[in-house]
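Take a look at the structure below.
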Amino acid sequence: MTITRTFEYAPGAPPDDFEYEDDPVHGEVMQLNMGPQHPATHGVLRLLVELDGEIIRRTEPDVGYLHRGKEKSCESLGWAKFFPHTDRLDYVQPLMNNIGYALALEKLAGIDVPERGQVVRVLLMEISRIAAHLIYLGTTGIDLGAVTMFFNTFKEREKIYSILDAYTGHRMNNTYVRIGGVYADVDEGVEALLREFLVQFPEQIDEFESLLTSNRIWYDRNRDVGVLTADEAMAWSLTGPNLRGSGVDHDLRKAEPYSGYETYDFEVPVGTIGDCYDRYLVRVEEMRQSTRIALQALTRLAETRGGEVLAEDRRYVLPPRDRVQSSMEELIFQFKIVTDLRLPAGRAYHGIESSKGELGFFVASDGSSKPLRCHIRAPGLMNVQAIPLLAEGRLFSDMVAIIGSLDFVMGEVDR
Amino acid sequence: MVIVKRKELSFWERLYLPEVVRGLSVTMRAIFRRKITRQYPEEPLATNEVTRGQPRLAVNEDDTIRCVSCGLCEIACPAYAITIDGQETDRFIEREPERFDIDMLRCILCGFCEEACPKDAIFMSEELELADFSREALVYDIEKLKRPISALQRRSDYVYKLNDRWHSSSSTS
């Protein structure tokens, strides 16, 4: 549908190097729907784009096509039963979401996770981060014409999923984190698989970089496209690689350490200009740093062998299985925890550094078995908000690069 | 903090043609690599005791069902997939399910039922494939869910091993 109307440019908006006077379609605005089924929108995002020729004048992101009422579900399901639902928020990193939710509940209930449990969590979080960044590389690559990237990154991701399959029994939607720790210990077989993967992974990153970093098509389509200044990024509440790409050194793993991140040795990659290319470089470097952290976690795993991964707390954590069979007391705890898990009244917020940014869970409790409120601070939603800002005045084909570089997952945005 | 290095393209990289050749060489090398794809239906994926497949009800050697229809799995299920009606029985356990339905279309294989069960009556089996022609046929009733314990023993042992925790301390609080 074409709408013709006189168009007034927003002050300061037109790019300097474009001659509007020579443009035959000057002043004619076309409204274009991009999505919700467009393959480059990475899910069901609808973008209402106002085009002047091929120049984007205005973009209006329309979210909500994947809204499943997760926050409300939490209120009706209760504390523990919400864990499988957190998997389905950002479905490329289910374990990270599990851990974020568990940390908020633990803060509210005041539970300490055993040391080995924290090490396993860090390991799972870094593995999830690598898997999520691989999806970014693959899907953005295929959107911008680098089809090889898609196959190469998915080959690597497949290895991660096989390891998670060997550990949790599922490839996706793992649901292996519980209040007070993780459900199962990482055994030696899985440890060996992880080490094997992490040792060969930097070599694979080098190969990805050799295919993209100095590739002229990738370079030209990403460099100086979608420039986000540090002030703008902060004003739009962007977090994660998008914020760091703009040169702000803010990482929750360093700023507000959780799960013992302060004891790991790693660097936070930061960009300079804040264009798509910087965000890409930051993510690639983050994968390297994640590999570093995961290897350190593996070493600690060997050191803490035999330790517990789940806190012993009969108010929130199920008793050991053999004792349920033999002890009446434990059987009562089993029934109480499954049917009526109560968390103390109060409020808690915990944010973790997910692959997309600050993933926060705010939970409010009135002391009953159902949450009063559960709010999810999804970083993807803030990332989507930056699209109009970055796309304004750019060519329409740059939209694909911008969407790809902001890296959001609609499951989390719409939740 | 480490600032990522932005690379400027060299003359040869900017020329692009040598890069095409280099890219093709990567492609050629990839042709001779080991294939990692699997022909799934013909070549099924290996399952083991860790696999969380569809939940199944354990039946003892003497053909009696272990379930006492306490309803814990029904309560623990985040997808509301389980429906249980209990009845009395003359057996020692006194209660057994009259009806035990799992809606496999709702089941998300999270394993919470297995975790909640105090009688080792429900386990995640290694059965993964699920297909039928109608929705009704995928609501599994008790007869469809029954499996001899020998088929679930491996998983049972594994779950016990997982939950073999807190040796040092006795029951608290």
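The analysis underlying the following values was restricted to heavy atoms, covering all of them including side chains, and did not include hydrogens, waters or symmetry mates.
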Which atoms of [X] approach chain B - backbone, side chain, both or neither, heavy atom under 4.5 Å:
| X | result |
| --- | --- |
| A/F151 | neither |
| A/S73 | neither |
| A/R288 | neither |
| A/R171 | neither |
| A/T148 | neither |
| A/S76 | backbone |
| A/Y167 | backbone |
| A/L281 | both |
| A/D278 | both |

Does this structure show an ion pair linking A/E285 with B/K5, if we count only N-O contacts that are shorter than 4.0 Å? no
Which residues in residues 46-61 of chain B have a heavy atom less than 4.5 Å from any heavy atom of chain A? B/V50, B/T51, B/R52
Proximal to chain A - members of residues 131-161 of chain B, heavy-atom separation under 4.5 Å: B/Y158, B/V159, B/Y160
Can any side-chain N or O of A/K81 pair as donor or acceptor with the backbone N or O of B/I75 at less than 3.5 Å? yes
Say whether, by atom type as modelled, one donor and one acceptor occur between the side chain of B/R22 and the main chain of A/S210 under 3.5 angstrom. yes
Interface moiety of B/C73 toward chain A, non-hydrogen atoms closer than 4.5 Å: neither
By a 4.5 Å heavy-atom criterion (distance strictly below it), what part of B/I108 contacts chain A: side chain, backbone, both, or neither? both
Quick check: do B/D120 and A/R321 have side-chain heavy atoms less than 4.5 Å from each other? yes
Is any side-chain heavy atom of B/F112 closer than 4.5 Å to one of A/V338? no
Can you name the side chain to side chain contact (heavy atoms under 4.5 Å, CB included) partners of B/C67, sequence neighbours left out? B/I65, B/S69, B/P97, B/F100, B/A121
Tell me, please, which residues at least two apart from A/D185 pass side chain to side chain contact (heavy atoms under 4.5 Å, CB included). A/R116, A/V120, A/V309
